[in-house]
Structures are given as structure tokens and as C-alpha cells.
Number of protein chains: 2
Amino acid sequence: MNFHELLLCEGNTLEKEKGEHVFMQGDSDKSLYFIQTGLLKAYYTSSSGKEAIKSFILPNDFIGSLSSIYAGQNCSFSLVSLETSMLVKIPFEKIVEYGKKDIVLANNIIEFLMRLTLKKERREHEFLCMSAEERYLALIESTPILLKKITQNDLARYLGMTPVGLSRIKKRVQSKMSKQGENNP
Amino acid sequence: MNFHELLLCEGNTLEKEKGEHVFMQGDSDKSLYFIQTGLLKAYYTSSSGKEAIKSFILPNDFIGSLSSIYAGQNCSFSLVSLETSMLVKIPFEKIVEYGKKDIVLANNIIEFLMRLTLKKERREHEFLCMSAEERYLALIESTPILLKKITQNDLARYLGMTPVGLSRIKKRVQSKMSKQGENNP
DNA sequence: CATGAATTTTAACCTCGGTTAATGATTGTC
DNA sequence: GACAATCATTAACCGAGGTTAAAATTCATG
């Protein structure tokens with residue numbers, strides 16, 4: 001059995017309208033969600049009420065709170081739908097259970113975790129080595145599709161800055177671009 | 001077979017003196033390293049020559065470059081020994097090969113990857129939601145042992161700031177602490 | 001112990017991005 | 001089409017931390 005087959009036989013499909021939450025920070029939710037269509041955002045809310053966006057989740061991505069699933073704590077972030085989205089929900093327990101019996105599935109899970117780790121490493125690298133402006137430029141390069149679907153507000157909170165800061169950076173970048181376009185002496 | 005047994009039968013032990021590199025950014029190295037004793041640091045070097053520290057590796061940790069192992073690229077960071085260290089090196093290919101045949105090992109790998117992902121998530125959370133000062137305080141709480149073994153320079157580069165900045169923060173924190181110690185009116 | 005090298009601290013100056021608040025632009029809704 | 005609501009831009013001010021360079025401290029090694 002592979003991951004996809006497991007989803008079909010053990011998963012439940014659910015639909016979330018724009019603005020509906022799948023779970024909230026502080027909840028206990030030991031499920032994994034597979035996104036079929038739509039767009040979601042995973043975000044932290046700090047004690048002072050500020051929002052920081054962990055990730056956007058696109059079709060064919062998975063999402064779930066590892067700290068709830070694995071570390072025995074509550075969800076460290078909230079998950080909300082930005083567009084009407086179709087999800088498949090599956091208890092993580094089921095995955096572990098089948099993974100213990102089925103080696104093909106176990107290797108699917110390994111694949112999936114490796115890809116996830118690689119993604120997290122890239123993000124770590126960006127925060128460690130790049131300025132806010134560089135992170136913005138890198139995102140334009142790597143995921144231009146996302147830019148069309150999300151607000152500037154959300155984009156800023158994903159890049160680790162405020163919407164005001166991002167607006168300033170955009171302006172700065174544009175003026176650099178136009179200078180680059182001029183005939184250089 | 002479990003992870004530990006695989007290391008015994010397929011791994012090679014090697015010793016690295018302080019200052020010796022295991023691999024350099026840009027190399028191709030598709031091995032996983034298990035640290036028995038000692039201390040290592042994994043760090044990025046930016047195009048402008050600046051260093052940012054990805055992680056410190058302590059006994060019983062694993063380290064390897066996922067981008068080389070898995071993404072078919074070169075190592076995105078360098079790995080250097082900070083103290084004389086004993087490592088066990090194993091080609092990642094071997095792990096995959098055995099993981100395809102042995103379900104106990106496959107589940108060991110899943111365990112290991114989950115723990116790694118959880119660690120990366122915590123670090124992502126710190127960069128997204130905390131100031132440099134808060135990250136410093138959090139590290140004092142969570143890993144005081146590390147503070148005794150590494151230089152301020154390395155600590156700063158791990159927290160995403162300069163040694164000068166860290167020195168300033170330390171001073172600020174100390175003055176706060178001493179104020180807290182006074183009799184509050 | 002003495003010397004030099006590395007590490008840490010301090011100071012002066014500067015830049016980037018946060019904060020607050022006002023102003024425009026867009027969007028949705030009745 | 002008018003209104004509110006949300007979103008984006010702009011401006012003024014501020015503070016955290018970067019940069020550079022010098023001074024102080026610690027460490028290593030002959």
C-alpha cells in the first residue's frame with residue numbers, strides 16, 4: 001500500500017470555506033491533512049497577539065502539527081483556509097500503524113519527511129543568511145504563483161516583517177530595477 | 001535490524017581533531033555521520049564571506065547534508081570539528097537500501113526524521129516570532145551546556161547576529177537581571 | 001613569565017525595519 | 001452607486017542591531 005491508497009481507505013474528506021479554521025493554536029489535533037484543492041495558511045499567534053506565518057499550504061501538500069502529533073503537546077500554530085479548500089483528514093495513528101506493517105508505505109513516509117526537512121532547511125537558511133529584502137526577492141524567484149493569491153499582509157508576515165516594511169522594500173526594489181533598466185554610462 | 005546495528009556493520013569510524021573539516025560547502029558528500037563523542041559545528045558561508053551557524057552537533061546526534069544526499073546538489077554548508085570528535089560515517093545509500101528491506105529500520109528512520117523536523121520547526125518558530133534578545137534568553141534556558149563549550153562568536157552566529165550585538169544584549173540582560181534582584185517598592 | 005594571538009567589550013555612527021497614524025486604493029454588499 | 005471594510009502606501013519618529021575600529025581581557029605557547 002502507498003500513501004495515496006491509505007488516504008483513500010482511511011481518510012475523510014472535508015471542505016473548509018474561506019476563513020474557516022481547521023484547528024487553532026492550543027488545540028490537540030493528531031491528524032494529518034492532505035490538501036486536494038484550495039489554499040491554507042499556518043500561523044503562530046504570539047502572546048502579544050501578533051501573527052507570524054509559518055507556511056502556506058497548496059494542493060498536494062500535507063500539513064499537521066508535529067508538536068501535537070509527535071511531541072504530546074498542543075498545536076503550536078493555527079490552520080485556516082484562505083480559499084474554499086478540499087482536504088483529506090487522517091489520524092496520524094493510522095499512518096504509524098500501517099507504517100509498522102507495510103514497508104512500501106514506510107518508505108513513502110520517509111520520502112515525505114525528507115522533502116519536508118529539506119524545505120525547512122531552506123527556510124532556516126533564508127532567515128540565517130538573508131535580509132528581509134533578499135528573502136522577498138528570493139520568493140519572487142521561487143514561488144511567483146503564491147504572490148498572486150495572497151495579500152501583502154500575509155506575505156509580509158511570512159517573510160518575518162510587517163506590511164509597512166514590505167511596502168517600503170517593494171518601493172526600494174522597484175526603484176533599483178528601473179535604474180538597472182536605464183542606459184548605463 | 002535497527003539503526004544502531006546498521007551503523008555497527010556498515011559504518012566506518014573516524015576521528016577529527018579540533019579545526020578539521022568533515023566536508024566543505026560545495027563538496028558532494030552523500031554520507032550520514034553519527035557523533036559518538038566531541039562537538040561539531042555546521043555553518044554556511046555567504047558569498048560575501050560571512051558565516052552563519054546552522055547547528056551544533058553533540059554526541060548521539062546525526063548530521064549530513066540533505067541537499068547533497070537527497071536533492072542531488074552539493075553540500076549547502078560546511079562541517080567542522082570544534083573539539084576532537086569520534087564519528088561513524090555511513091553512506092546514505094546503504095541506509096535507503098536496508099530501509100527498503102527492513103521494516104524495523106524504516107521505522108527507526110521515520111522516528112529520526114520526525115525528531116529532526118520537530119527541531120527545525122522550533123528554530124523556524126524562534127526566527128519568526130522572537131527578537132535576538134529573546135532567542136538568546138531561550139537558548140540559556142534550553143541548552144545551558146552549550147554555552148560553556150562554544151565561543152561568544154559562534155553563539156552569536158548561531159543566533160543570527162554579530163558578536164558585537166550579542167555582547168550588547170548580554171550587558172542589557174545583566175542590567176535587567178540585577179534590577180529584578182533589587183527590592184521592588 | 002612573556003609575548004602574541006584570539007576573544008570580548010566598548011564606543012561612535014548608521015541603516016533597516018518597527019510603530020503609529022493618516023491617506024489612498026480596492027473590494028464587497030446592500 | 002454609496003457605504004463600510006479591508007488592504008496598501010506614505011510619512012515621521014524611534015530603536016535594535018550592524019559596522020568599524022580601538023581597547024581590554026583571556027588564552028596559548030615557547
Side-chain angles (χ1 to χ4, degrees), chain A residues 17-19 39 41 43-53 56 80-84 126-140 146-178, chain B residues 17-19 39 41 43-53 56 80-84 126-140 146-178:
Chain A
E17 295 297 322
K18 177 174 175 172
L39 176 64
K41 85 173 173 192
Y43 66 99
Y44 298 105
T45 309
S46 75
S47 47
S48 56
K50 271 170 202 152
E51 178 178 324
I53 298 181
F56 298 102
V80 68
S81 181
L82 296 182
E83 300 173 357
T84 303
E126 286 172 5
F127 279 118
L128 262 178
C129 301
M130 292 159 73
S131 68
E133 178 173 334
E134 288 171 318
R135 292 200 295 276
Y136 170 63
L137 291 172
L139 192 87
I140 293 179
L146 205 55
L147 296 182
K148 298 195 177 141
K149 301 191 125 196
I150 63 180
T151 67
Q152 198 115 315
N153 212 301
D154 278 347
L155 178 57
R157 297 305 183 186
Y158 174 74
L159 293 171
M161 59 183 133
T162 60
V164 179
L166 178 55
S167 175
R168 230 175 345 220
I169 285 174
K170 275 178 70 176
K171 199 179 169 189
R172 204 161 63 213
V173 166
Q174 270 161 17
S175 82
K176 278 185 201 170
M177 302 289 253
S178 68
Chain B
E17 295 296 323
K18 177 174 176 173
L39 177 63
K41 84 173 173 192
Y43 66 99
Y44 298 104
T45 309
S46 75
S47 48
S48 56
K50 271 167 202 156
E51 179 178 324
I53 298 182
F56 298 102
V80 67
S81 182
L82 296 181
E83 300 173 356
T84 304
E126 286 173 6
F127 279 117
L128 262 177
C129 302
M130 292 159 75
S131 67
E133 177 172 333
E134 288 171 317
R135 292 200 295 277
Y136 169 64
L137 291 172
L139 191 86
I140 293 179
L146 206 55
L147 296 182
K148 299 196 177 139
K149 300 191 126 199
I150 63 179
T151 67
Q152 199 116 314
N153 211 301
D154 279 347
L155 177 57
R157 296 305 182 185
Y158 174 73
L159 293 170
M161 59 182 133
T162 61
V164 179
L166 178 55
S167 175
R168 233 173 343 218
I169 285 174
K170 276 177 68 177
K171 197 178 166 186
R172 203 160 65 213
V173 167
Q174 270 163 18
S175 83
K176 278 185 200 169
M177 300 290 253
S178 68

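Lettering of chains follows the sequences in order, A, B, ..., and the numbering in each one begins at 1.
A tilted orientation is assigned to the rings of Y158(A) and F56(A), their planes being inclined by 30° to 60°.
Rounded to whole Å, the distance from OH on Y136(B) to P on dA16(D) is 17 Å. Spacing between atom CD of E134(B) and atom C1' of dG18(C) amounts to 14 Å, rounded to whole angstrom units. Atom CG of L159(B) is separated from atom C1' of dA16(D) by 15 Å (rounded to the nearest Å). Nucleotide dT27(C) holds its P atom 11 Å from the NZ atom of K18(A), rounded to whole Å. Rounded to whole Å, atom C1' of dT10(C) lies 14 Å from atom CG of L166(B). In this structure, the CE atom of M130(A) is 16 Å from the C1' atom of dC16(C), given to the nearest Å.
Each of S167(A) and A132(B) has a nearest nucleotide on DNA chain D; the 5'-most of these lies closest to S167(A).
Between dT20(D), dG18(C), dT19(C), one nucleotide has an atom nearer to the side chain of V164(A) than all others, and that is dT19(C).
Contact between the side-chain N/O atoms of T162(A) and the OP1/OP2 oxygens of dG18(C) is found at a separation under 4.0 Å. Applying the 4.0 Å criterion to OP1 and OP2 of dA16(D), one finds that K171(B) has every side-chain N and O outside that range. Contact check, K170(B) against dT9(C): a side-chain N or O comes under 4.0 Å of OP1 or OP2.
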| said: Checking I150(A) against L39(A) for the side-chain contact (heavy atoms from CB on, under 4.5 Å) test, could you report, in this order, the C-alpha distance in whole Å, the side-chain angles of both residues, the deciding distance, and whether it holds? | reply: CA-CA 9 Å; I150(A) 63 180; L39(A) 176 64; 4.1 Å; yes
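Residues L159(B) and I169(B) have side chains not in contact (no heavy-atom distance under 4.5 Å, counting atoms from C-beta outward).
Looking at residues 147-156 of chain A, you'll see T151(A), Q152(A), N153(A) sit with a heavy atom under 4.0 Å from some atom of DNA chain D.
R172(A) contributes no side-chain N or O that forms a donor-acceptor pair with the base of dG17(C) under 3.5 Å.
At a threshold of 4.0 angstrom between heavy atoms, the contacts of I169(B) are confined to the sugar-phosphate backbone, with no base atom among them.
Without hydrogens or angle criteria, E134(B) side chain to S131(B) main chain gives a donor-acceptor distance under 3.5 Å.
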